[in-house]
Amino acid sequence: MKVLVINAGSSSIKYQLFEMPQGTILARGMVERIGEARANLVHKYNGDVYAVEIDAPDHDTGMQVILKTLADNKVGVVKQISEIQAVGHRVVHGGEEFTGSVVIDDAVLKSIEHYADLAPLHNPPNLTGIRAAIHVLPDAVQAACFDTAFHTSIPQTAYIYGLPYEIYEKYRVRRYGFHGTSHRYVARRCAKLLGADKTQANIITCHLGNGCSITAVKAGKSVDTSMGLTPLEGLVMGTRCGDIDPAILFYLGEKGYTVQQLNTMCNKQSGLLGISGASNDMRNLLTLVEQGHDRAKLAVDIFCYRITKYIGAYTAVLGRLDAVVFTGGIGENNSFLRARICADQPQIGMVIDPARNTAKASNERLISSDDSRVKVFVIPTDEEAAIAADTCELAK
Ligand code: ADP
């Protein structure tokens with residue numbers, strides 16, 4: 001079965017076409033700058049790249065271009081568009097309602113629209129992508145896979161904030177958590193690597209990319225996660241501040257900052273970028289650290305410290321810790337930060353094997369030493385593969 005996975009943003013559509021259940025990627029690519037004068041398509045297939053400027057005034061045209069390209073007789077990978085039997089969509093917010101992936105019908109569309117209130121930057125473009133896919137592939141099964149779904153197992157004690165309970169009842173203000181598809185994927189791979197008898201394993205998964213979050217997983221279920229009502233809470237990220245005293249916002253409000261300015265500050269101007277004053281990109285920061293840039297060093301130090309704190313907290317939450325997983329652009333690629341984070345808390349028992357940690361490899365692998373009490377893994381995340389697998393299951 002050919003399954004198309006779609007991740008639609010406000011001005012882009014990323015796609016991957018899978019042959020399932022094998023999980024082979026037939027093609028992948030992206031339409032960018034939708035709605036601008038000239039959009040562009042980058043399409044990767046059979047080891048080749050096809051890149052062109054296109055007209056894509058809206059998502060519908062973008063989706064049509066993708067399907068035309070997938071079935072093109074030069075750069076395409078299917079003979080006919082109708083070979084694509086199912087489409088899996090990444091949807092950021094599924095509220096409390098969606099505990100797993102679902103086949104999309106009118107009621108699901110309504111719910112995704114409803115949760116746009118909680119994810120105004122993400123759910124509307126996700127929805128636009130779904131509508132465009134339904135329009136161009138009316139006979140395919142359409143499935144929605146939610147970033148929040150994996151975290152719906154978190155208990156009340158971890159998801160209710162210390163606010164008046166009516167705020168939860170009235171507005172559903174609570175911890176939802178994000179990156180769920182990634183945390184679920186790497187936690188399952190980790191349980192596999194630990195061996196069949198370890199499905200009861202207690203695992204901490206660290207997703208460290210531009211956005212960063214960390215999850216405590218007990219016997220395959222998320223029991224706590226660092227992101228909250230929105231992706232702003234928790235770790236220090238590329239441009240997001242993570243945990244702060246909420247009173248800082250009242251204080252700055254009284255100094256004249258508007259809600260909109262504070263929102264932009266906390267989401268787009270803080271984190272690694274805000275602290276360093278130089279960059280939100282970890283690679284740039286590490287280069288600057290080597291050159292003696294003090295604030296870049298401070299940003300990296302705070303980034304690591306916050307992760308250390310959460311690993312400590314989640315170890316206490318889990319009671320016993322079997323494994324820690326690093327994933328995301330930073331988690332997968334940076335051996336120096338992995339070693340540092342593990343060395344910063346010897347009491348937890350994550351002993352890194354330097355050769356394993358620094359080996360040039362892009363596959364999933366153990367990086368702790370054989371005598372490490374807690375096993376440490378690098379597991380490249382693959383949200384698209386997880387969405388394709390869910391979609392294939394639902395389409396069957
Ligand atoms: P996103 O959250 O947008 O999917 P990624 O998971 O691709 O982002 O992660 C992006 C981050 O990963 C950037 O901060 C980038 O600098 C960092 N990164 C990628 N490769 C390395 C590396 N070798 N060392 C350190 N950081 C890296």
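Counting from 1, the numbers follow the sequence of the chain as shown. FYI, side chains are in, hydrogens and waters are out, and symmetry mates aren't considered; it's all heavy atoms of this structure. Order of appearance sets the numbers: ligands from 1, and atoms from 1 within every ligand.
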Compute the minimum heavy-atom distance from G328 to ligand 1 and say whether it is under 4.0 Å.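 G328 counts as a contact of ligand 1 under the 4.0 Å cut-off.
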Among all protein non-hydrogen atoms, which one is nearest to [atom], and what is the separation to 0.1 Å?
{"atom": "atom 1 (P) of ligand 1", "answer": "N210 N, 3.8 Å"}
{"atom": "atom 11 (C) of ligand 1", "answer": "I330 CG1, 3.8 Å"}
{"atom": "atom 16 (O) of ligand 1", "answer": "D281 OD1, 2.4 Å"}
{"atom": "atom 19 (C) of ligand 1", "answer": "G329 O, 3.5 Å"}
{"atom": "atom 23 (N) of ligand 1", "answer": "N333 CB, 3.3 Å"}

R175 and E233: salt bridge (Lys or Arg N to Asp or Glu O under 4.0 Å), yes or no, with the steps? CA-CA 9 Å; R175 175 180 314 287; E233 196 180 345; 3.2 Å; yes
Evaluate V108 against Q142 for side-chain contact (heavy atoms from CB on, under 4.5 Å), listing each step before the verdict. CA-CA 11 Å; V108 172; Q142 308 275 342; over 6 Å; no
Donor-acceptor pairs under 3.5 Å, side chain of residues 208-220 to any protein atom, not counting sequence neighbours: which ones?
residue, atom, partner, partner atom, Å
S213, OG, H179, ND1, 2.8
S213, OG, H183, NE2, 2.7
T215, OG1, H183, ND1, 3.3
T215, OG1, H183, NE2, 3.3
T215, OG1, T225, OG1, 2.8
K218, NZ, L318, O, 3.0

Any protein heavy atom at under 4.0 Å, with atom 4 (O) of ligand 1 as the reference point?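 Answer no: nothing from the protein, no heavy atom, is under 4.0 Å.
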For E254, enumerate each residue passing the side chain to side chain contact (heavy atoms under 4.5 Å, CB included) test, keeping only those at least two apart in sequence or located in another chain.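 Listed in chain order: nothing, the list is empty.
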Do ligand 1 and [X] have nitrogen or oxygen atoms that lie under 3.5 Å from each other?
{"X": "G209", "result": "no"}
{"X": "R283", "result": "yes"}
{"X": "M282", "result": "yes"}

Find all atoms of ligand 1 within a distance of less than 4.0 Å from any non-hydrogen atom belonging to N334, and give their numbers and elements.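 Once the distances to N334 are compared, the set is 24 (N), 25 (C).
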With heavy atoms of G211 as the reference, note each atom of ligand 1 found under 4.0 Å away.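 So the answer, numbered in order with elements, is 2 (O).
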Between T61 and D58, do the side chains contain an N or O donor and an N or O acceptor separated by less than 3.5 Å?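 The criterion, which ignores hydrogens and geometry beyond distance, is satisfied for D58 and T61.
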Looking only at the side chains, is there a donor atom on one of H207 and S182 sitting less than 3.5 Å from an acceptor on the other?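 H207 vs S182: donor-acceptor pair found between side chains.
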Run the ring-centre check on F178 versus H93 and record whether the distance is less than 6.0 Å.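 So the answer is yes for these two rings.
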Out of T24, V87, V77, which residue meets the side-chain contact (heavy atoms from CB on, under 4.5 Å) rule with L17?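 Single pass found, and it is V77.
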